[in-house]
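Throughout, a chain's letter reflects where its sequence line sits, starting with A, and its residues are numbered from 1. All values derive from a computational prediction rather than experimental measurement.
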Amino acid sequence: MYLELQKRFTEHLRSVLAAKYDLHLETIPLEIPPELKFGELATPIAFELARKLRKAPKVIAAEIVAALGHFDGFAGFEVAGAGYINAHLDRAAGVRTTAGVADSQVPDAGPGAPASSGIHALVEHTSINPNKAAHIGHLRNAILGDTFVRLLRAAGQKVDVQNYIDNTGVQVADVVVGFLHLEGKSLADARLLLDELKQKDQRIDYYCWDLYAKTSQWYTSGTDEENEARKKLRYDTLHELEQGCNETAEVAELISTAVLRRHLETMLRLDIEYDFLPRESEILHLKFWESAFEQLKKTGVLYFENEGKNKGCWVMTRPGAEIAEGDLNEDAKVIVRSNGTVTYVGKDIAYHLWKFGLLGKDFGYKPFFSYPNHECWISAEKGDEPHPHFGGAQAIYNVIDARQSDPQANVIQALRGMGYTEQADRYTHFSYEMVALTPRCAVELGYDVSEEDLARPYIEVSGRKGFGVKADDLIDKLIVATRAEVDARQTGGADAEAGRQKIAEQIAIGALRYFMLKFTRNSVIAFDFKDALSFEGETGPYIQYAVVRARNIFRKAETTAEAELVKLAGLAEFGAFLDGEDAEDIWALWLRAARRTLVLEQCVSTSEPAYLAKHAFQLAQEFNNFYHKHHILTEEDPARKTFLLATAAVALRELVLALSWLGIESPEAM
RNA sequence: GCGCCCGUAGCUCAGCUGGAUAGAGCGACUGGCUACGAACCAGUAGGUCGGGAGUUCGACUCUCUCCGGGCGCACCA
C-alpha cells in the first residue's frame with residue numbers, strides 16, 4: 001500500500017511542478033518523517049528549488065501544497081518546519097487497502113509488482129570445498145544466499161539456485177594426500193571407511209575436518225627436504241584429480257561426494273535447498289575453457305605477452321587499469337600460464353559465459369539429491385535424459401565473500417570486454433564479510449590463542465588450521481538450548497512432549513538464521529555463543545513469539561485472522577479508532593505492515609536482506625507494544641473489537657510472511 | 001606501493017538516493033505477571049557520529065587529508 005501511495009504522490013508532485021514552474025525533475029526526494037505527527041510521507045523538495053526559483057523554501061512549499069489539492073488516499077498536505085511538505089494519509093482508506101485480501105498475497109507479476117519481476121535469475125551460494133565440514137562462515141553464505149533467493153522469488157523472479165562444487169581443487173587434493181599418504185590408505189579403504197562411518201552414524205565431513213588440518217600442518221612440519229617432497233606430492237595429486245580416470249581421482253570422487261552429501265544435509269536442516277550442483281570436474285572435462293578461449297582471443301580481451309615477467313602467457317588488462325597503447329603492462333592478469341594451463345579466473349570466465357548462455361556448450365545432468373518437492377541435479381560428463389536445463393540466465397548473483405572481489409571483478413571485466421555489457425551489468429558479486437570468532441569464544445572452544453590474537457577484536461576462522469565452529473555443532477547446541485527453554489515453559493501443555501522437539505528446532509533455526517541476517521553484508525560478524533544463543537531482544541525467537549501471541553488471541557477468540565479481516569471490510573466506519581493519542585501506535589502498526597512491498601523492493605535493489613530482518617523485528621516490536629496496551633478479548637465495543645482483531649490479523653499475516661522470506665518458520669506455540 | 005571495507009552509547013550494530021530532536025538490542029539501574037503465557041512491556045542513565053578541512057540552505061551520509069583496525073593485490077585454487 002505504502003509503495004503505491006509513494007509512487008502516486010511522486011507522480012502527482014511531478015505534474016504539479018511541471019504545470020506550475022515548468023520544472024521536469026527526474027527524481028523527487030522522499031522521506032519518512034521522524035514522527036507520525038508530521039504525516040506518513042514527506043519531501044524536502046522546496047529546499048532544493050529555493051535557489052532555482054529565487055524564493056524562500058517555505059513560500060515554495062506553500063505554493064506546492066496549494067496546488068496539490070486533494071486526491072485519493074491522502075487526507076491532506078501541509079508545510080512544516082523550514083519548508084518540508086508533509087503528506088497525511090487517509091488512515092481509514094489505508095487500513096482498508098492494507099487489510100484487503102489482494103494485498104495479502106505475495107506480490108506477483110501484476111500491478112504494483114516490483115519492476116524486476118519476470119526476470120530469470122541465477123543465484124550461486126554455499127560453494128563449500130567438499131573436503132571438510134561446513135563452518136559458521138559457510139552458514140552466513142548459505143543463509144544470505146537462500147534468503148536472497150526467497151526475496152527474488154517474492155518479487156516475481158524465476159530463480160535457479162546453484163551450489164558450485166570445486167571437487168578437483170587443492171583443498172580436496174589435500175585431504176586425498178592425507179588419506180593416501182599420511183594415513184597410508186587405499187581406494188578400498190576409502191570405501192570401507194565410508195561404510196563404517198555410515199554404520200556408526202558418524203560424519204565423514206567431521207573426519208575430513210581433522211584430516212585436512214593435519215595434512216595442512218604436515219606440509220610444513222618436516223625438514224626442508226621432506227617439505228619439498230610433500231609439496232610435490234600435493235601438486236602431483238592435484239594434477240591427477242584434474243586429469244581424472246585414475247585411482248587417486250576415484251578416491252577424491254568418493255570422499256568429496258560423500259562430504260558434499262553431508263553439506264546438503266546440513267543445509268537442509270536450515271531449510272536451504274539447491275537446484276543444481278555444477279562441478280569443476282565437468283568444466284574441465286567438457287572443455288568449457290576451450291570454447292571460452294576462442295571467444296576471448298577473437299574479441300581481443302586476451303593477448304599473448306611477448307616480453308616482461310609475463311612473457312609466454314595469455315593475459316588480460318585488469319579493470320580500471322589505464323595503459324597507453326603499445327606500453328608493456330606488467331600488472332596484467334595471467335589467464336593462461338606459459339606452460340599452457342589455465343588459471344582459476346580463466347575457468348571462471350568460461351563458467352560465467354555458460355551461466356549467461358553465451359558459451360555454446362552445456363553440462364550433462366544427473367539427479368543427485370531428492371528434496372520433498374523437487375530434485376537437485378548434479379553436473380555429469382554424460383547425463384541422463386530427460387533433464388531440466390540450467391544456465392542461460394538474464395541476471396546472476398554470486399554469493400562470495402568480500403575477499404574474492406578482485407577475481408570477481410576480473411570476470412566481469414572479461415564479459416564487458418567481450419561486448420557482453422548487458423550481462424556484465426546484471427552480474428552481481430553479492431559480497432559479504434567473513435564470520436570470525438571473538439578471542440573469548442576461541443579460548444572457550446579450547447584453541448591455543450596467541451597473545452597477539454587475544455588482543456584483536458576478532459580472529460579469522462580457518463579450515464586449513466581446523467579453527468572454527470562447525471555448522472552442525474552449532475545447530476545441535478542451539479537445539480539443546482531451545483529445547484531446554486521449551487521444556488521449562490511447558491510449551492503446548494504438559495503432555496505435548498512430541499511437538500516440543502519440532503518447536504525447539506524451529507526456534508533454534510529461527511535464532512540462527514536471524515542472527516546471520518541482522519547484520520548488513522559488509523560488517524564482519526565476530527561470533528560469540530552468548531549472542532548466537534540469545535533468544536531475547538532483536539532475535540528470531542522474539543519475532544516468532546509475537547506470531548505465537550497473535551495466534552493465541554485468535555485461538556481463544558475462536559475465530560481466524562482471515563475471518564476478522566473480512567469482518568473489518570464489512571464495517572461501515574472505523575476511522576474513529578485511528579484517531580487520537582491512543583490510536584497512534586495502532587496506526588503505526590498498520591503503516592509498518594503496509595510497507596512490506598517497499599522493503600522488498602529495497603532488499604532486491606540493494607541485494608541486502610538485512611533490511612527485511614529489521615522490518616520484521618520492528619513489526620514484532622510494534623505488535624508487542626500493541627498487544628500490551630490494548631486488551632482485545634475483553635473489549636466490549638464489538639466494532640472496536642473487530643478493528644483490534646483485524647489489526648492483530650494484519651500483524652500476524654505480515655509477520656508470518658516476512659519470516660517466511662527470511663526462511664524462518666512460525667511455530668504454533670512457544 | 002596500489003585497491004576495497006570498517007571506525008556511531010560500556011558492548012554488538014541500524015541510520016534508505018545528503019534533510020526535521022542521531023536510533024535499536026544487549027549490559028546497568030527502576031518498575032510491571034490471578035491478563036490474549038513476562039522468550040514480553042514501561043521508564044532512567046549513557047553519544048565531541050575516529051580527528052581536521054572543504055562542498056551545501058542543510059553532512060553520520062558527499063570530497064580531500066590524517067589517525068586507527070581489517071582484507072585483497074601469484075604463471076595458488
Side-chain angles (χ1 to χ4, degrees), chain A residues 27 29-35 38 42-44 47-48 50-51 56-57 80-84 86 129 166 168-173 235 238 280 309-313 315 318 320 331 333-341 343-345 347-348 401-407 409 431 433-434 436 438 456-458 460 482 485-486 488-491 507 511 518-520 522-526 528 530-531 534-539 541-542 544-546 548-557 598-599 602 606 608 610-611 614 617-618 621 624-625 627-634 648 669-670:
Chain A
T27 54
L30 289 183
E31 63 167 302
I32 296 171
E35 278 184 72
F38 296 125
T43 176
F47 296 108
E48 222 172 276
R51 172 174 291 180
Y84 289 94
N86 292 338
N129 275 299
D166 184 3
T168 54
V170 271
Q171 293 215 22
V172 169
Y235 287 106
L238 176 62
E280 190 182 55
K309 68 168 187 160
N310 294 332
K311 185 175 174 181
C313 298
V315 301
R318 288 177 196 271
D331 184 47
K333 174 72 195 165
V334 172
I335 301 298
V336 181
R337 305 183 187 99
S338 53
N339 67 5
T341 58
T343 61
Y344 170 75
V345 172
K347 283 179 267 188
D348 222 22
D401 78 86
R403 286 170 292 193
Q404 299 215 45
S405 62
D406 273 6
S431 88
E433 274 295 345
M434 62 180 166
T438 61
R456 292 173 189 269
Y458 51 80
E460 188 178 349
T482 47
E485 285 286 322
V486 165
R489 286 156 211 272
Q490 301 225 324
T491 297
I507 297 169
K518 68 193 276 194
F519 303 94
T520 49
N522 54 8
S523 93
V524 177
I525 298 180
D528 201 309
K530 183 174 76 65
D531 298 330
S534 160
F535 310 130
E536 288 167 14
E538 198 182 344
T539 65
Y542 175 95
Q544 291 173 314
Y545 187 62
V548 168
R549 281 179 138 183
R551 283 188 172 150
N552 285 343
I553 295 172
F554 292 100
R555 190 171 296 133
K556 294 239 166 151
L598 176 71
V599 172
Q602 238 166 35
T606 58
E608 183 52 89
Y611 297 143
K614 186 66 95 184
F617 171 66
Q618 287 171 332
Q621 207 173 29
N624 274 330
N625 192 296
Y627 177 92
H628 190 258
K629 266 197 202 162
H630 308 279
H631 199 262
I632 299 174
L633 297 184
T634 54
M670 278 177 80

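For A:N552 and A:R549, the side-chain atoms include no donor-acceptor pair closer than 3.5 Å.
Distances shown here put every side-chain N or O of A:N339 at or beyond 4.0 Å from the OP1 or OP2 atom of B:C75. Contact check, A:R337 against B:C76: a side-chain N or O comes under 4.0 Å of OP1 or OP2. Of the side-chain N and O atoms in A:N310, one or more sit less than 4.0 angstrom from OP1 or OP2 of B:C75. Listed pair A:Y545 / B:G37 fails the phosphate criterion, with no side-chain N or O lying under 4.0 Å from OP1 or OP2. Considering only side-chain N and O atoms, A:R549 lies under 4.0 angstrom from the phosphate OP1 or OP2 of B:A38. Note on A:T539: every side-chain N or O is 4.0 Å or more away from OP1 and OP2 of B:C26. Distances shown here put every side-chain N or O of A:Y627 at or beyond 4.0 Å from the OP1 or OP2 atom of B:A35. Distances shown here put every side-chain N or O of A:N129 at or beyond 4.0 Å from the OP1 or OP2 atom of B:A77. In terms of phosphate contacts, A:Y542 brings a side-chain nitrogen or oxygen within less than 4.0 Å of OP1 or OP2 of B:C41. Put simply, A:N552 has a side-chain N or O that comes within less than 4.0 Å of OP1 or OP2 on B:G37. Contact annotation: A:Q621 side-chain N/O to B:G25 OP1/OP2 distance is under 4.0 Å. Taking 4.0 angstrom as the limit, A:K556 places a side-chain polar atom (N or O) nearer than this to OP1 or OP2 of B:G37.
A:E433 contributes atom CD, which lies 10.0 Å from atom OG1 of A:T520 (distance to the nearest 0.5 angstrom). A distance of 15.0 Å separates CG of A:D528 from OH of A:Y458, quoted to the nearest 0.5 Å. Rounding to the nearest 0.5 Å gives a distance of 13.0 Å between NZ of A:K614 and CD of A:Q602.
Comparing A:S523 and A:N624 along RNA chain B, the residue whose closest nucleotide (by nearest heavy atom) sits nearer the 5' end is A:S523. Between A:A402 and A:I632, the one whose closest nucleotide on RNA chain B sits nearer the 5' end is A:I632.
Base pairing of B:G18: no nucleotide in any strand meets the Watson-Crick or G-U wobble criterion (both distances under 3.5 Å). The base-pairing partner of B:G47, taking Watson-Crick or G-U wobble contacts with both distances under 3.5 Å, does not exist among the strands shown. For B:G3, the paired nucleotide is B:C71, the pair qualifying as Watson-Crick or G-U wobble because both relevant distances are below 3.5 Å. Summarising the base pairing, B:G37 is matched to no nucleotide, lacking a Watson-Crick or G-U wobble pair whose two defining distances lie under 3.5 Å. When both distances must be under 3.5 Å, the Watson-Crick or G-U wobble mate of B:G23 is B:C13.
The aromatic ring of A:F617 does not sit over the base of B:A24; the criterion of centres under 5.5 Å apart with planes under 30° is not met.
Looking only at distances, no side-chain donor or acceptor of A:D401 sits under 3.5 Å from a matching main-chain atom of A:M434.
One atom, NZ of A:K309, and another, P of B:A74, lie 6 Å apart when rounded to the nearest Å.
If you take atom C1' in B:A14 and the same atom in B:G31, they sit 28 Å apart, rounded to whole Å.
Among the protein residues, A:S405 comes within range of no part of the nucleic acid, since none of its heavy atoms lies under 4.0 Å from any strand.
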